[in-house]
**Student:** 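This is the structure, below, for whatever I ask next.
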Amino acid sequence: MAKLSMHETLPFDEETSPPPISTGELPDAGHLRDIVTEAYERYRTNREGSVADYIPVLGKASPDLFGICVVGARGRSFGIGDTETGFSIQSVSKPFVFALACDQIGYEAARRQLGVNGTGLPFDSVMAVELNAARTVNPLVNAGAIATTSLIAGDDAEAKWAAVRDGLSRFAGRELTMSTEVYESESATNMRNRGIARLLESYGRLYFDPEEATDVYTRQCSLEVTVHDLAVMASTLSNGGVNPMTGVRVIGPGVCRRVLAVMAIAGLYELSGDWLYEVGMPGKSGVSGGIVTISPGKGGLATYSPPLDPAGNSVRGQLATKYLAERLGLNLFASEPAEAPPDPR
Ligand code: GLU
């Protein structure tokens, strides 16, 4: 796989700059604005990657679109760039629907029925189903995601769809609606997902009718959001499952931290390990160009820019997030040495 400039060296020295430790709070409003603006300006002119077009309508998105938004766990927010542009949520919906499923059936039952490990394979892999005895490996690749949607409570497809739309709307703090254009384009070309659903059914690892489950999943992926919506959704996961803008508890705290664990394992397709190595936070990307990243206790970060790397992750989104993880001190694995302990002798 071609490595893009995600792997550039950042312009500050990790050994001498203030330690980017993950405890504490986001910087004050002025610093936050300055640092997010720096990230935006730094990557705005990047021209790498290509816009997804395997779902035909996605190919119409301008490669110039770029927006960043941060929403703190106490509801403070700052956005820059194309923050008002609507786009389909695509795979960024997956951790949130997994969260709803966990909330309904319990996170241990969800682990048994869906799995929580990485596949190491592309998001739409059939081989991942064939090669793993459990068939679904995690809820963030298509097989596990369609199975997750099939688990959502509801006697028929309409009831399941209402539960998905309502739950994702509670994460976003406003009523989300589906883009009919995206839904029709994806429905006309989603034979592979329908095949995956049939395959899961054959192994007894789908929990609803395969055609209908795939259809609800396709509607879910067609929900229209802005980068601000995604940042609010991410901030809810950073805040123990309570939406900081509305005060509504969307999921329980135990579910919330398990969702973040799965995002850390599998959020950035087969580059999830590279992401964790560089960014040190759970995230989830989608093929329309969105990425959400969660700094537990601090806030949610979202980026939107359609050009993708070969795995399906937004190029500018990864670069900006990596920059912000360092500059805002968000990396969960960063620590400062304690004061030297007293000599025990
Ligand atoms: N709806 C898309 C699909 O099933 C989602 C892909 C993605 O964003 O990873 O192919």
Side-chain angles (χ1 to χ4, degrees), residues 1 49-61 87-98 118-129 136-150 161 164-165 168 176 178-200 206 210-225 227 229-230 233 262-263 265-272 275 283-293 302-315 317-318:
M1 165 156 325
S50 30
V51 177
D53 59 6
Y54 78 99
I55 299 171
V57 72
L58 296 186
K60 295 204 294 195
F87 55 93
S88 56
I89 188 168
Q90 296 300 339
S91 272
V92 179
S93 63
K94 291 172 180 171
F96 298 98
V97 176
F98 175 59
T119 68
L121 291 165
F123 66 92
D124 58 353
S125 176
V126 172
M127 287 312 291
V129 178
T136 53
V137 185
N138 72 65
L140 305 188
V141 292
N142 287 10
I146 297 168
T148 304
T149 301
S150 80
W161 164 235
V164 166
R165 189 168 82 90
L168 266 54
L176 301 177
M178 189 187 82
S179 160
T180 309
E181 193 189 11
V182 173
Y183 169 70
E184 285 174 356
S185 182
E186 184 161 347
S187 293
T189 51
N190 68 351
M191 299 78 179
R192 192 176 177 88
N193 284 343
R194 280 148 57 191
I196 287 172
R198 288 271 177 211
L199 195 57
L200 291 179
L206 197 74
E211 282 297 316
E212 293 195 290
T214 311
D215 184 60
V216 177
Y217 164 83
T218 306
R219 294 194 231 180
Q220 159 194 327
C221 290
S222 307
L223 278 172
E224 193 163 275
V225 290
V227 73
D229 291 326
L230 291 187
M233 295 174 83
V262 177
M263 293 171 85
I265 290 295
L268 276 276
Y269 304 111
E270 59 271 37
L271 297 184
S272 298
W275 171 264
K284 182 72 197 91
S285 63
V287 292
S288 52
I291 304 182
V292 290
T293 310
T303 58
Y304 170 56
S305 175
L308 309 178
D309 71 11
N313 303 303
S314 166
V315 173
Q318 291 177 85

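Just so it is clear, the model here is predicted, and its values are computed rather than measured. For ligands, and for the atoms within them, numbers begin at 1 and follow the listed sequence.
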**Student:** Kindly indicate whether the side chain of Pro95, heavy atoms from C-beta on, has any atom under 4.5 Å from the side chain of Leu140.
**Tutor:** yes
**Student:** Just need the protein heavy atom nearest to atom 5 (C) of ligand 1, so name the residue and atom and give the distance.
**Tutor:** Gln90 OE1, 3.3 Å
**Student:** Within the structure, does Tyr217 bring an N/O atom to less than 3.5 angstrom of an N/O atom in ligand 1?
**Tutor:** yes
**Student:** Backbone, side chain, both or neither: what part of Asn193 comes under 4.0 angstrom of ligand 1, heavy atoms only?
**Tutor:** side chain
**Student:** Ligand 1 versus Asn142, non-hydrogen atoms closer than 4.0 Å: side chain, backbone, both, neither?
**Tutor:** side chain
**Student:** Below the 3.5 angstrom mark, is there an N/O of Cys221, backbone or side chain, next to an N/O of ligand 1?
**Tutor:** no
**Student:** Within a distance under 4.0 Å of any heavy atom of Tyr269, pick out the atoms of ligand 1 and give their elements.
**Tutor:** 7 (C), 8 (O), 9 (O)
**Student:** Show your reasoning for whether side chain to side chain donor-acceptor pair (under 3.5 Å) applies to Glu224 and Ser88.
**Tutor:** CA-CA 4 Å; Glu224 193 163 275; Ser88 56; over 6 Å; no
**Student:** Looking only at protein heavy atoms, which one is nearest to atom 7 (C) of ligand 1, and what is the separation?
**Tutor:** Ser91 OG, 2.6 Å
**Student:** List ligand 1 atoms under 4.0 Å from Glu186, heavy atoms only on the residue side.
**Tutor:** 1 (N), 2 (C), 3 (C), 4 (O)
**Student:** How far apart are the closest heavy atoms of Leu168 and Ser93, and which atoms are they?
**Tutor:** CD2-CB, 3.8 Å
**Student:** Closer than 4.0 Å to some heavy atom of Gly286 - which atoms of ligand 1 meet that?
**Tutor:** 8 (O)
**Student:** Between Thr218, Asp215, Asn142, Thr214, which is the residue that forms a side chain to side chain donor-acceptor pair (under 3.5 Å) with Asn193?
**Tutor:** Asn142
**Student:** How far is atom 10 (O) of ligand 1 from the closest protein heavy atom, and which atom is that?
**Tutor:** Tyr54 OH, 2.5 Å
**Student:** Answer with yes or no whether the side chains of Glu181 and Ser179 bring together a donor and an acceptor at under 3.5 Å.
**Tutor:** no
**Student:** Please find the pair of heavy atoms, one from Gly59 and one from Asp53, that lie closest to each other, and give the distance.
**Tutor:** CA-CB, 3.9 Å
**Student:** Below 4.0 Å from ligand 1: does a non-hydrogen atom of Asp124 turn up there or not?
**Tutor:** no
**Student:** Quick one: CD1 on Ile146 to CD on Gln220, what's the gap to the nearest 0.5 Å?
**Tutor:** 9.5 Å
**Student:** Between Arg192 (side chain only) and Asp124 (backbone N and O only), is there a donor and an acceptor less than 3.5 Å apart?
**Tutor:** yes
